Amino acid sequence: MTDVTCRNRATVNRVSPIIMATLTMFTRLVSLRGAQTRLLGLPCNHPSLVKYDGYFYGGIAMACMCTDHSYTYDLLVIGGGSGGLAAAKEAVGLNAKVAVLDYVTPSPLGTTWGLGGTCVNVGCIPKKLMHQAALLGEAVHEAATFGWQLPDPKTVKINWEALKTAVQNHVKSVNWVTRVELRTKKVEYLNALGHFKDAHTVIGVTKKGEEKILTAKNILIAVGGRPRYPDIPGALEYGISSDDIFSLERAPGKTLVIGAGYIGLECAGFLNGLGYDATIMVRSIVLRGFDQQMANLVAEEMEQRGVHFIYQAKPKKITKQEDGRLLVDWVDKDGEIHQDVYDTVLFAIGRRALTEELKPENAGLKLVSETGKIEATNEQTNVPNIYAVGDVLHKRPQLTPVAVHAGKLLARRLFGNSTETMDYTNIPTTLFSPLEYGCVGLSEETAIMVHGEEQIEIYHAYYKPTEFFVPQKDVDRCCVKIVALRYDDQRVLGMHFVGPNAGEVIQGFAAAIKCGLTIPKLKSTVGIHPTVAEEFTRIFITKRSGLDPKPQSCCS
Ligand code: FAD
Ligand code: NDP
């Protein structure tokens, strides 16, 4: 922030006429100071200006607050999700005056939700809870093999209504805590849909259609995205998306999930685990962009657990039958049409950034034409006072911790004299599929593409989690893989883990990679036995060696 003026004139106006006269003089000085700071380009809390205050304004300056001369806010955030809220809270902590606009447009089915964005309401949190519900179902069946006396496990089944209510109760509690936190921290929150009037002005339209005009020195776009729907008959009328599944009023029943990315695999995974018939329609390959050896292990494991896969297929149309069920037509790679009937069709074919609604042209903001996303350098867009974080950014991972971290760092740079920028490399992630997949860094394919096969060493091993033995669970697909440089320091470029608690396992190794982990360092790391994470410290077979990576004995 570069300018200053007196914000709380009203308070000062109540003091005696003598002080009023003095005030007039000071006001001029303050304006002068504002002009000077603007000329110097100094932040309002710059040490030299504090001294300047001490000499010329004395105590009165204490009543003056740092804010921009012509704008209401130092920072206006459009979008109260992971990135926007993180930036807003960090900025108020650094004495900026901040407002957040958040508004949820109902899904085609009519689903809507509260403050907090995608992750809290229709993403990570409800997803992880439903994944946990599915894992518990699995655990119930295993428990009998460990001696638990249970009713016939075959009679154990999920009550969708109870699950949905428990999940939604948690989500609502997070909505409430988020609102309270904003109020406590003095972030102004407005439930309104924002669009640009110009580069410093946003119009917020409330549910009742009232327009609020808000001006800010800096504007942060953190509007995230929403599920895309294919342009086929019946998609919008009868299809649902991840926006709807976690609060669906009726049990989903037999479900067709269209799309084989993160969301498609996770949703089909927990639906199958909860006992519903789930099918995934794959247009090309599963988990494009991920290490394909690991992606295929995840898919094979799901198939073995009962998830059906329809490969190389695209939906053509959805019609509603008289009995209320959905008839889906799809076309295979040879052009042949197939049909089946489902209770639910869930689209998970990617997400559209919510940028057009912002009327970016009014602010001179450029969008990437193919994706509608925003290209930014250190989160700064082509309009210098407009920034963007989170899912709305072009070619950045669409993950909550990424949005949060980038938002916080940006606020510190804007209001806290920080120079630290966001490092988008080596970001870990986990797919919460029935057998989870966590990874960080490069896939085998990308490493070979970037460095050449000769320069890359791939270490791999299959392993048997101890806890899988008693229930005699399939261990065929528990696998670890390390992608490393073959020569020099043998730096680790990527780590991949398929197995239980993959997110917990990979998080620590992500820190190690940040610290420059090498193969010799990993080999000198002592494992914790018996865990699944220790498998990374036991790995020694390279693909190049041709040795069998199948499990060795338990403790060798
Ligand atoms: P969002 O969180 O989407 O917030 C944007 C907010 O802005 C929304 O509330 C939106 O309604 C509002 N908004 C939009 N336009 C306007 C406007 N014009 N005016 C006012 N408000 C507006 N990530 C993980 O890291 N781990 C996971 O396990 C994970 N699971 C996921 C599961 C699913 C099903 C989905 C869909 C996503 C998942 N993600 C996960 C991704 C994660 O949710 C997103 O990366 C993250 O929420 C992005 O944060 P954001 O701040 O960019 O946007
Ligand atoms: P993704 O981009 O990951 O996957 C989209 C899938 O839909 C691909 O399989 C794609 O196939 C397919 N597809 C695209 N268009 C069509 C179409 N017209 N017809 C049929 N299939 C189509 O998107 P998601 O929606 O799964 O997830 C969005 C983002 O959310 C992810 O990138 C991730 O960052 C985030 N997320 C994170 C999670 C986590 O951290 N655990 C969990 C869930 C989401 P093709 O490969 O052929 O293009």
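Indexing begins at 1, ligand by ligand and atom by atom, following the structure's order. Predicted model only: the values in this text are computed from it and were never measured.
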Compute the shortest N/O to N/O distance between [X] and ligand 1 and return yes if it is under 3.5 Å, no if not.
{"X": "Val122", "value": "no"}
{"X": "Leu399", "value": "yes"}
{"X": "Lys127", "value": "yes"}
{"X": "Arg351", "value": "no"}
{"X": "Thr400", "value": "yes"}
{"X": "Gly83", "value": "yes"}
{"X": "Asp102", "value": "yes"}
{"X": "Arg226", "value": "no"}

**Asked** Should the pair Lys320 and Tyr238 be classed as cation-pi, given the thresholds of under 6.0 Å to the six-membered ring centre and 45° from the axis?
**Response**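 Here Lys320 fails the 6.0 Å and 45° test against Tyr238.
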**Request:** With Lys97 as the cation and Tyr73 as the aromatic partner, state whether NZ or CZ is under 6.0 Å from the six-membered ring centre and within 45° of the axis.
**Result:**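 Checked: cation-pi criterion met.
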Report the nearest protein non-hydrogen atom to [atom]: residue, atom name, distance rounded to 0.1 Å.
{"atom": "atom 40 (C) of ligand 1", "result": "Cys124 SG, 3.3 Å"}
{"atom": "atom 20 (C) of ligand 1", "result": "Ala192 O, 3.3 Å"}
{"atom": "atom 35 (C) of ligand 2", "result": "Gln398 O, 3.3 Å"}
{"atom": "atom 25 (O) of ligand 2", "result": "Gly350 N, 3.1 Å"}
{"atom": "atom 10 (C) of ligand 2", "result": "Arg283 NH2, 4.3 Å"}
{"atom": "atom 4 (O) of ligand 1", "result": "Gly81 CA, 3.2 Å"}

Atoms in ligand 2 flagged as close to [X], the criterion being non-hydrogen separation under 4.0 Å:
{"X": "Arg228", "result": "15 (N)"}
{"X": "Thr430", "result": "39 (C), 40 (O), 41 (N)"}
{"X": "Lys127", "result": "41 (N), 42 (C)"}
{"X": "Arg351", "result": "28 (C)"}
{"X": "Glu266", "result": "39 (C), 41 (N), 42 (C), 43 (C)"}
{"X": "Leu399", "result": "37 (C), 40 (O)"}
{"X": "Thr429", "result": "40 (O)"}
{"X": "Ser284", "result": "45 (P), 46 (O), 47 (O)"}

**Prompt:** Only one of Asp243, Asp244, Thr112 clears side-chain hydrogen bond (donor to acceptor under 3.5 Å, both in side chains) with Ser107; which?
**Reply:**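 That would be Asp244; it is the only one of Asp243, Asp244, Thr112 passing the side-chain hydrogen bond (donor to acceptor under 3.5 Å, both in side chains) with Ser107.
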**Prompt:** For ligand 1, does Glu357 get within less than 4.0 Å through its side chain, its backbone, both, or neither, judged by non-hydrogen atoms?
**Reply:**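 Within the 4.0 Å criterion, Glu357 makes no contact with ligand 1.
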**Asked** What part of Cys267 sits under 4.0 Å from ligand 1 if we count only heavy atoms: the side chain, the backbone, both or neither?
**Response**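 The answer is neither; Cys267 stays 4.0 Å or more away.
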**Message:** Taking 4.0 angstrom as the limit and counting only heavy atoms of Leu358, give me the atoms of ligand 1 inside it, by number and element.
**Reply:**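 What qualifies from ligand 1 is 18 (N).
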**Request:** Show which atoms of ligand 1 fall inside a sub-4.0 Å distance from at least one heavy-atom site of Ala222.
**Result:**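 By the 4.0 Å cutoff, the relevant atoms are 4 (O), 5 (C), 6 (C), 7 (O).
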**Request:** Determine the sole option in Glu90, Glu379, Glu420 for which the salt bridge (charged side-chain N to carboxylate O under 4.0 Å, His left out) test with Arg413 is passed.
**Result:**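 Only one option passes, and that is Glu379.
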**Message:** Please verify the inter-ring angle class for Tyr71 with His200; under 30° counts as parallel, over 60° as perpendicular, anything in between as tilted.
**Reply:**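 The arrangement is parallel - the two ring planes meet at less than 30°.
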**Request:** For Val167 and Pro126, work out which heavy atoms get closest and say how close.
**Result:**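 Nearest heavy atoms, Val167 then Pro126: CG1-CB, 3.7 Å.
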**Message:** If you measure every N or O of Ile258 against every N or O of ligand 2, does any of those distances drop under 3.5 Å?
**Reply:**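 N/O-N/O distance below 3.5 Å does not exist for this pair.
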**Prompt:** Would you say Tyr262 contacts ligand 1, with heavy atoms under 4.0 Å as the rule?
**Reply:**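 Distance cut 4.0 Å: Tyr262 fails for ligand 1.
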**Message:** Rounded to the nearest 0.5 Å, what separates atom CD in Glu138 from atom CG in Leu435?
**Reply:**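 Answer for the CD-CG pair, Glu138 versus Leu435, is 8.5 Å.
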